[in-house]
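Below: one structure, written as structure tokens.
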Protein chains: 2
Amino acid sequence: MAHINTTQYALLGMLSYMPMSGYDLKKFIDQSISFFWSENYGHIYPVLKKLEQEKFVTKRVEHNQGKPSKNIYSITQEGLSVLTDWLAAPVQKEIYRLEILLKLFFGYLTETGTMIEKVAVHKKTAEKTLRELLDIENHINTQHHDLPKNKPPYQLLCLNYGKHFYNMVIKWCDETLGILQAAKNNQQ
Amino acid sequence: MAHINTTQYALLGMLSYMPMSGYDLKKFIDQSISFFWSENYGHIYPVLKKLEQEKFVTKRVEHNQGKPSKNIYSITQEGLSVLTDWLAAPVQKEIYRLEILLKLFFGYLTETGTMIEKVAVHKKTAEKTLRELLDIENHINTQHHDLPKNKPPYQLLCLNYGKHFYNMVIKWCDETLGILQAAKNNQQ
DNA sequence: GCGCCCATGTAACTAGTTACATGATTCA
DNA sequence: TGAATCATGTAACTAGTTACATGGGCGC
């Protein structure tokens with residue numbers, strides 16, 4: 001393959017669970033992997049079209065009474081094949097761009113109180129996301145996709161990453177707030 | 001400001017430490033915040049030009065014997081002003097795209113051994129980055145920028161995030177490898 | 001009647017990466 | 001002599017976001 005477009009593998013992977021429309025894909029992604037992956041319609045629809053041209057998916061139209069018709073996409077054998085090739089290929093170096101840390105790095109330019117507020121908001125956001133992870137956990141547990149038996153619980157392994165991550169963030173925020181607050185008290 | 005280009009704030013922030021060339025900026029970024037932020041030349045040079053047009057930085061040419069000349073950029077009062085405005089503004093929602101988790105989420109499509117290898121590599125990468133963080137720590141500690149006294153140690157707070165993060169990743173990898181290995185043994 | 005959800009899609013844009021071109025110096 | 005570092009920059013590209021357009025159904 002000439003180049004790598006990760007979105008296309010994300011969509012193929014989701015379609016390996018079950019045939020879906022672009023709209024369904026967005027919802028499914030938001031309700032399962034949103035804490036580490038996101039897609040938007042402006043990207044999903046063009047990529048689906050491209051996947052269809054490449055014969056990695058097929059489209060059929062589902063007519064529903066009372067609702068708009070849907071374009072349902074199914075993964076093909078070729079699609080499964082490129083997907084599993086990608087799974088076996090090395091992971092690209094992950095590039096993080098954490099705006100909160102960038103601001104904190106330049107924090108000496110501003111009031112300590114400003115940075116305290118940023119970190120406090122960051123902590124609240126992490127706590128909220130952690131709660132949402134539990135919703136996702138429920139969602140995964142109540143869905144019975146007839147996943148192959150004797151396979152590891154991959155979805156739960158991913159979820160576990162999220163739990164570790166957000167708990168770590170909360171812990172770091174607490175530590176950081178302690179240091180910032182102490183510095184602020186000293187300034188007065 | 002009409003739109004947000006985070007790179008321009010990253011560059012302005014770095015220039016608030018000291019005047020630098022585009023080349024210096026890249027090196028400085030790589031040696032201080034690379035574990036949570038990165039920039040490349042193809043982006044740095046055009047953004048510097050834009051910042052100069054907007055009068056957020058000024059350029060002067062430094063002639064060096066035996067070496068090519070450098071364009072040294074300094075932040076202006078206006079530049080400092082937009083930078084501190086940005087510091088006070090809310091942090092954008094951080095969007096994570098973790099390819100390792102995306103692959104793991106579709107791991108049931110492939111051999112357990114394939115996923116074990118991915119996680120093992122991920123662990124090794126995290127261990128390597130953690131070691132690099134200690135180098136950065138040394139670099140920060142040995143640089144004496146005459147940072148304002150009675151300010152919190154912002155650089156160390158950022159670094160501490162990195163330590164927490166990569167230790168968490170290593171822990172999660174260990175847990176995950178345990179589960180995958182057990183599943184693999186059961187399959188045989 | 002209003003707002004929300006369902007459903008698909010495009011256009012315009014911003015952001016960011018990769019590859020390339022240039023040319024000098026230093027070091028092995 | 002060849003590789004690495006210093007130093008700047010552009011062109012072509014890929015990726016991803018935002019805003020907009022359309023239109024029906026449902027619940028309050």
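By convention in this document, chain letters (A, B, ...) are assigned in the order of the sequence lines, proteins followed by strands, and residues within each chain are numbered from 1.
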Please check the phosphate of [N] (OP1 and OP2 only) for any side-chain N or O of [X] closer than 4.0 Å.
X	N	answer
B:Asn40	C:dG16	no
A:Ser21	C:dT8	yes
A:Arg97	C:dA15	no
A:Thr6	D:dA15	no
B:Asn71	D:dG9	yes

Length of the line joining [X]:[atom1] and [N]:[atom2], which is rounded to integer Å:
X	N	atom1	atom2	value
B:Ile44	C:dT18	CD1	C1'	15 Å
B:Lys93	D:dT17	NZ	C1'	15 Å
A:Met20	C:dA7	CE	P	13 Å
B:Tyr41	D:dA11	OH	P	20 Å
B:His43	D:dC13	NE2	P	18 Å
A:Tyr23	D:dG23	OH	P	18 Å
B:Lys49	D:dT8	NZ	P	13 Å
A:Lys70	D:dG25	NZ	C1'	15 Å

Quiz item: Are A:Phe56 and A:Tyr9 near enough that their ring centres are under 6.0 Å apart?
Solution: no

Quiz item: Does the separation of the ring centres of A:Tyr17 and B:Tyr108 fall below 6.0 angstrom?
Solution: yes

Quiz item: What class does the angle between the rings of B:His122 and B:Trp172 fall in, given that below 30° is parallel, 30 to 60° is tilted and above 60° is perpendicular?
Solution: perpendicular

Quiz prompt | Salt bridge A:Lys118-A:Glu99, side-chain N to carboxylate O under 4.0 Å | solution = no

Quiz prompt | Lys/Arg N to Asp/Glu carboxylate O, A:Glu127 vs A:Arg131, below 4.0 Å | solution = no

Quiz item: Side chain of A:Asn5: nearest nucleotide among C:dG16, C:dA7, D:dG16?
Solution: D:dG16

Quiz prompt | Of A:Trp37 and B:Ser69, the one whose closest DNA chain D nucleotide lies more 5' | solution = B:Ser69

Exercise. Would you mind telling me which residue lines up with the more 5' stretch of DNA chain D, B:Ile95 or B:Lys27, judged by nearest nucleotide?
Key: B:Lys27

